[in-house]
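Computed from a prediction, not measured in an experiment: that's the story for all the values here.
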Amino acid sequence: MPVYRCNQCGHVSESPVAGTQVACAACQAPCTVYDTAFYISKLIERYAAAVREIKALKAENTTSSTAEAASSSAIANPPKTPEPVNSPESPANLATAEQHAGIEQWLKARQIEAQFDHSNVDTSGYFDEAAQQLGRGYDLFGELIQRVAYAYRKSHTGLNLDLTHSDQKDIQALTALCRQLYTHTLFARYHYQKAEKVVRLSLQPAPKVRQFFEGAWLEWYALLELLEVLQQRQLVFSCARGVKVLFPNEDVHELDVVALPHGQAPICIECKSGEFRRDIDKYQRLRKRLGIERSRFVICSTDITDEQASSLSAMYDLTFVSIASLPRHLASIV
């Protein structure tokens, strides 16, 4: 069961719903309720940090007698300068703790704890490639994405695409995409009935594939477009996707896509493939707490035009972009 700890009196208790606020059973002070696994992982992290600090202090007491010898060795054998993690000349695997360290340190300097799933930026699979195809061809592929997501929500096992009213060029593009997604296992079955111009698709039940079509594809698309700009600029950077951040008052938020170019402020992209209007104030407050300027805190929505994005950006302390204008905006701020 989810748990909470009162910051005022130290009382620890259980509560049925994580992510809510409840009154402390002992002193009635407001407390945030956390998922038990997440709370325990944070306790372990803090305990491990304390142990490391104690070991470091003990090590200091044993190194003074060998300081002169170590100094002589360092002069004779100077250490090599480490290569940047994501330098354009030596691109590294993104799914490592080392690659995420830049963002983690930036947040830590602001007393914000970060929790990463390093596999969220693992580009060795097909999700990133598929997402970029869907994003760049969204005008044509948007309906397919929406219908697949709807089928998952309704627990359907498949769907049919009627292409009788599509022109030949669009039919070729749609069937080629569906065939490729099937080849990459994002569909369990693909069949095109050429005479009837109907595509029959069976959904892949794997949870990660379902998450991809229900919105993760847009995060992948935003990440890939951002990485492309950073690499074109020959910049060293740290990047992450799906970062859980814990503020000093124990508020928890999730950042969809974040990148920290060397020598620059972070870029944060929140990706919305559905309703976002009720969350505008939440994102304004989050941007201010992070201390990121409005041009670098981006709301990318599939449901707005470029004109609507400009109007919303003028109304709020955020930058709104359509899926088509995202690459242009990123190129203008990096």
Side-chain angles (χ1 to χ4, degrees), residues 121 123-153 158-194 197-204 206 208-232 241 256-257 269-276 298-310 320-332:
V121 291
T123 57
S124 61
Y126 292 118
F127 287 129
D128 55 322
E129 180 183 336
Q132 202 159 40
Q133 284 183 284
L134 294 172
R136 291 181 173 179
Y138 188 76
D139 287 345
L140 178 59
F141 303 143
E143 182 181 354
L144 170 64
I145 300 170
Q146 293 165 12
R147 290 197 56 188
V148 172
Y150 178 83
Y152 274 118
R153 289 197 300 273
L159 69 150
N160 298 328
L161 293 178
D162 184 354
L163 305 180
T164 53
H165 299 295
S166 302
D167 60 39
Q168 191 60 35
K169 184 178 179 181
D170 289 349
I171 291 175
Q172 290 176 350
L174 281 163
T175 54
L177 174 72
C178 291
R179 186 167 56 250
Q180 184 173 20
L181 294 180
Y182 165 71
T183 301
H184 292 167
T185 72
L186 298 184
F187 289 131
R189 181 176 177 272
Y190 160 80
H191 178 66
Y192 178 49
Q193 293 182 255
K194 191 171 183 179
K197 295 185 177 180
V198 174
V199 176
R200 303 191 186 280
L201 301 169
S202 294
L203 301 185
Q204 173 63 262
K208 283 195 173 183
V209 175
R210 175 172 181 159
Q211 292 166 8
F212 176 81
F213 281 110
E214 289 185 335
W217 72 268
L218 185 56
E219 295 179 11
W220 274 111
Y221 168 72
L223 175 67
L224 267 290
E225 293 298 324
L226 179 52
L227 295 185
E228 189 168 300
V229 173
L230 293 169
Q231 290 166 351
Q232 287 173 352
R241 187 172 72 87
D256 289 343
V257 177
I269 308 173
E270 294 299 311
C271 303
K272 313 301 289 185
S273 56
E275 176 56 47
F276 66 89
V298 181
I299 310 296
C300 178
S301 171
T302 60
D303 296 339
I304 60 176
T305 64
D306 289 355
E307 183 178 354
Q308 289 172 324
S310 297
F320 291 83
V321 297
S322 67
I323 192 168
S325 63
L326 174 65
R328 296 196 300 272
H329 178 71
L330 294 176
S332 72

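Shown here for A151 and L203, the closest heavy-atom pair between the two residues is CB-CD1, 3.7 Å. Shortest non-hydrogen contact noted between L218 and S273 is CD2-N, 3.9 Å. Closest non-hydrogen pair, A331 versus V229, comes out as CA-CG1, 4.0 Å. Heavy-atom minimum distance, G125 versus D128: O-OD1, 3.2 Å. I323 and W217 make their closest contact through CD1-CH2, 3.6 Å (heavy atoms, listed as atom of the first residue, atom of the second, distance). Contact between F212 and L134 at its shortest, heavy atoms only, is CE2-CD1, 3.8 Å.
Aromatic pair F187/F213: ring centres closer than 6.0 Å.
Separation of atoms CD (Q232) and CD (E228) is listed at 5.0 Å; rounding is to 0.5 Å. If you take CD on E219 and CG on L223, they are separated by 9.5 Å, rounding to the nearest 0.5 Å. Taking NE2 of H184 as the reference point, atom CD of E129 lies at 5.0 Å (rounded to 0.5 Å). A distance of 11.0 Å separates NE2 in H165 from CD1 in I171, rounded to the nearest 0.5 Å. Put simply, OH on Y221 and CZ on R136 are 6.5 Å apart, with the number rounded to the nearest 0.5 Å.
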Quick one: do E214 and R153 satisfy salt bridge (Lys or Arg N to Asp or Glu O under 4.0 Å)? Show the steps, please. CA-CA 9 Å; E214 289 185 335; R153 289 197 300 273; 5.7 Å; no
I would like to know whether R328 and D306 meet salt bridge (Lys or Arg N to Asp or Glu O under 4.0 Å); could you show each step before the answer? CA-CA 11 Å; R328 296 196 300 272; D306 289 355; 3.0 Å; yes
side-chain contact (heavy atoms from CB on, under 4.5 Å) between I145 and T302: does it pass, once the steps are laid out? CA-CA 11 Å; I145 300 170; T302 60; over 6 Å; no
What verdict does the side-chain contact (heavy atoms from CB on, under 4.5 Å) test give for L201 and L181, after you've listed the backbone C-alpha separation in whole Å, the side-chain angles of each residue and the deciding distance to 0.1 Å? CA-CA 10 Å; L201 301 169; L181 294 180; over 6 Å; no
Between T185 and Y126, is the side-chain contact (heavy atoms from CB on, under 4.5 Å) condition met? List the steps. CA-CA 9 Å; T185 72; Y126 292 118; 5.5 Å; no
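Looking only at distances, no side-chain donor or acceptor of S325 sits under 3.5 Å from a matching main-chain atom of V321. For the pair R200 (side chain) and Q193 (backbone), a donor-acceptor distance under 3.5 Å is absent.
Y182 and Y190 have tilted rings, their planes meeting at an angle from 30° to 60° on a 0 to 90° scale. Aromatic ring orientation, W220 versus F127: parallel (interplanar angle below 30°, classes split at 30° and 60°).
For the side chain to side chain contact (heavy atoms under 4.5 Å, CB included) with L161, the lone residue among E143, K197, R147 that qualifies is R147.
Counting only N and O atoms by type, the side chains of T164 and D162 include a donor and acceptor under 3.5 Å apart.
Between L159 and V148, some side-chain heavy-atom pair lies under the 4.5 Å cut-off. For the pair Q204 and L186, the minimum side-chain heavy-atom distance is 4.5 Å or more. Put simply, the side chain of V121 does not reach to within 4.5 Å of the side chain of L227, judged on heavy atoms. Between D256 and C300 there is no side-chain heavy-atom pair separated by less than 4.5 Å. The shortest distance between side-chain heavy atoms of F276 and F320 falls below 4.5 Å. Considering only heavy atoms from C-beta on, I269 comes within 4.5 Å of L330 through its side chain. For the pair K272/I299, a side-chain contact is recorded, criterion being any heavy-atom separation below 4.5 Å from C-beta on. Contact check for L226 versus V257: side-chain heavy atoms found under the 4.5 Å cut-off.
Within 6.0 Å of CD on E307 lie no more than 12 heavy atoms contributed by other residues, nucleotides or ligands.
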